[in-house]
Amino acid sequence: NALSLYEQSLISVLLALIFVMMKDFVNSNEKKHNQNVVTEYHKYEISGKFIVGNSKRIIARRKSLKKYGQRLRRNGAIIDPWVEIKEGELDLSIGNIANARRCFISALDKFRKNDDQIGIAKALNNLGNIELRRDLSKAEDLYNESMSIRKSISDKIGLAHSYNNLANIEKLRGDFAKARKLYKRSMDLKIEENDKLGQAHTLNRQGNIAELDDDLVTAKLLYEESQR
């Protein structure tokens, strides 16, 4: 009772269809999981919660996302640029500079192809964070390029981060007066956007400037206010 050629062909077609359906189902679930994780991170970043309060959870999520990205690469999948951004941030936080740069550059290329202005600004900002450790002028150029985009799209939270980063550069240069002005611009935007945690972060930075400038009374007041 050997199967006829027609029956064999029919079975082959059915098996092929089942394989395609299963592959589409897996890819769909992968894509949905990818988007959910990226969306969650983006919400944390917009709310400012990545600064304080949920650091252990964020680190755990970033590690999970890094493993997810590695699995996608092994399967030859195209990695979502926001996944690469978060993967790079984890690498940067543990000192893996080379891999962080690779992730940010790859994400930047994809954002530019997609004309994702928020993403472009974010990738440039993160590349600035890398250069902050080695070349302040390059970091400043990258931060300014990122800030220019954020201004053009009225990204006030992002712009507040840009002013904060530029203030950090001036602090490292020892120009405390300029740093104070930039921190104030950052603070004004965070107040306007009701970013409470972001305000706490900037108050802490302002306290640090006061401390470096030997104004310990002001530093104490700013540190205390940042904890409220």
Side-chain angles (χ1 to χ4, degrees), residues 38 41-52 58 81-82 84-93 97 100-209 212 222 226:
V38 172
Y41 277 122
H42 199 51
K43 286 180 179 178
Y44 272 122
E45 188 159 289
I46 293 299
S47 68
K49 291 181 180 177
F50 68 103
I51 296 173
V52 294
I58 293 297
W82 282 107
E84 290 183 304
I85 286 290
K86 298 308 172 184
E87 186 179 353
E89 288 175 349
L90 173 61
D91 282 316
L92 184 59
S93 70
I97 306 301
R101 180 181 286 105
R102 179 190 61 75
C103 287
F104 296 151
I105 290 174
S106 176
L108 178 60
D109 181 58
K110 291 172 184 173
F111 286 139
R112 282 176 168 158
K113 288 179 179 177
N114 297 331
D115 195 29
D116 183 340
Q117 296 299 302
I118 292 177
I120 293 170
K122 179 63 176 175
L124 289 168
N125 180 84
N126 284 10
L127 286 168
N129 291 341
I130 290 178
E131 294 302 330
L132 189 65
R133 302 165 179 237
R134 42 186 283 175
D135 189 326
L136 293 183
S137 293
K138 285 185 179 180
E140 186 176 32
D141 288 343
L142 288 162
Y143 287 150
N144 277 322
E145 190 177 353
S146 174
M147 183 171 68
S148 178
I149 294 171
R150 286 168 167 171
K151 283 182 178 178
S152 70
I153 60 176
S154 300
D155 178 8
K156 292 183 179 180
I157 290 295
L159 193 55
H161 293 324
S162 292
Y163 282 127
N164 189 85
N165 290 338
L166 289 169
N168 291 339
I169 287 179
E170 297 306 328
K171 182 181 74 171
L172 291 171
R173 287 173 172 164
D175 191 339
F176 297 154
K178 195 169 184 179
R180 283 193 185 92
K181 290 180 181 179
L182 290 165
Y183 281 135
K184 185 179 185 306
R185 287 188 177 185
S186 177
M187 176 63 81
D188 289 344
L189 286 169
K190 289 173 180 177
I191 290 172
E192 183 180 341
E193 295 299 301
N194 198 32
D195 180 4
K196 299 294 186 182
L197 291 172
Q199 291 172 44
H201 179 260
T202 299
L203 284 166
N204 184 274
R205 297 284 180 159
Q206 290 173 318
N208 184 237
I209 288 287
L212 291 171
L222 288 166
S226 73

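Throughout, residue positions are numbered sequentially from 1 according to the sequence presented.
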Legend entry - Atom pair CZ/CG of R173 and N168 - distance to nearest 0.5 Å: 12.0 Å

Inset, instruction - Please round to the nearest 0.5 Å and tell me the distance separating atom CG of L132 and atom CG of N125. - result: 10.0 Å

Inset, instruction - Decide yes or no on side chain to side chain contact (heavy atoms under 4.5 Å, CB included) for Q199 and L197, but give the supporting numbers first. - result: CA-CA 5 Å; Q199 291 172 44; L197 291 172; over 6 Å; no

Legend entry - Inter-residue atom distance I118.CD1 - W82.CH2, 0.5 Å rounding: 6.5 Å

Inset, instruction - Keeping the roles fixed (side chain from D135, backbone from E131), state whether a donor-acceptor pair exists under 3.5 Å. - result: no

Inset, instruction - Evaluate the side-chain proximity of I169 to L182: yes if any heavy-atom separation is below 4.5 Å, no if none is. - result: no

Legend entry - Side-chain donor or acceptor of N204 paired with backbone N/O of A200 under 3.5 Å: no

Legend entry - Check: R185 side chain, Y163 main-chain N or O, donor-acceptor pair, under 3.5 Å: no

Inset, instruction - Sort out for me which residue in L124, I120, N126 forms a side-chain contact (heavy atoms from CB on, under 4.5 Å) with K122. - result: N126

Inset, instruction - Would you name the heavy atoms of L90 and S93 that are closest together and state the gap between them? - result: O-OG, 2.6 Å

Legend entry - K110 side chain reached by E84 side chain, heavy atoms, under 4.5 Å: yes

Inset, instruction - Mind running side chain to side chain contact (heavy atoms under 4.5 Å, CB included) on K171 and F176 for me, showing each step along the way? - result: CA-CA 6 Å; K171 182 181 74 171; F176 297 154; 4.3 Å; yes

Legend entry - N165 side, atom CG; E140 side, atom CD - distance, nearest 0.5 Å: 11.5 Å

Legend entry - Non-hydrogen atoms of I149 and S152 that approach each other most closely: O-OG, 2.6 Å

Inset, instruction - Taking the side chain as every heavy atom from C-beta outward, state whether I97 and L92 have any pair of such atoms under 4.5 Å apart. - result: yes

Inset, instruction - Quick one: do F104 and D91 satisfy side chain to side chain contact (heavy atoms under 4.5 Å, CB included)? Show the steps, please. - result: CA-CA 11 Å; F104 296 151; D91 282 316; over 6 Å; no

Inset, instruction - Considering non-hydrogen atoms only, spot the tightest contact between G88 and A100 and give its length. - result: O-CB, 3.4 Å

Legend entry - L203 side, atom CG; S226 side, atom OG - distance, nearest 0.5 Å: 6.0 Å

Legend entry - Distance-minimising heavy-atom pair for F111 and A123: CD1-CB, 4.2 Å

Legend entry - G128 versus A139, closest heavy-atom pair with distance: O-CB, 3.5 Å

Legend entry - Which atom of I209 lies closest to which atom of A179, heavy atoms considered: CD1-CB, 3.9 Å

Inset, instruction - Go through the side-chain N and O atoms of Q206 and N208 and say whether any donor and acceptor fall under 3.5 Å apart. - result: no

Inset, instruction - For the residue pair I105 and D109, establish whether any side-chain heavy-atom pair is separated by less than 4.5 Å. - result: no

Legend entry - Residue pair D115 / Q117, side-chain heavy-atom distance below 4.5 Å: yes

Inset, instruction - With rounding to the nearest 0.5 Å, note down the distance linking CG in D195 to NZ in K156. - result: 13.0 Å

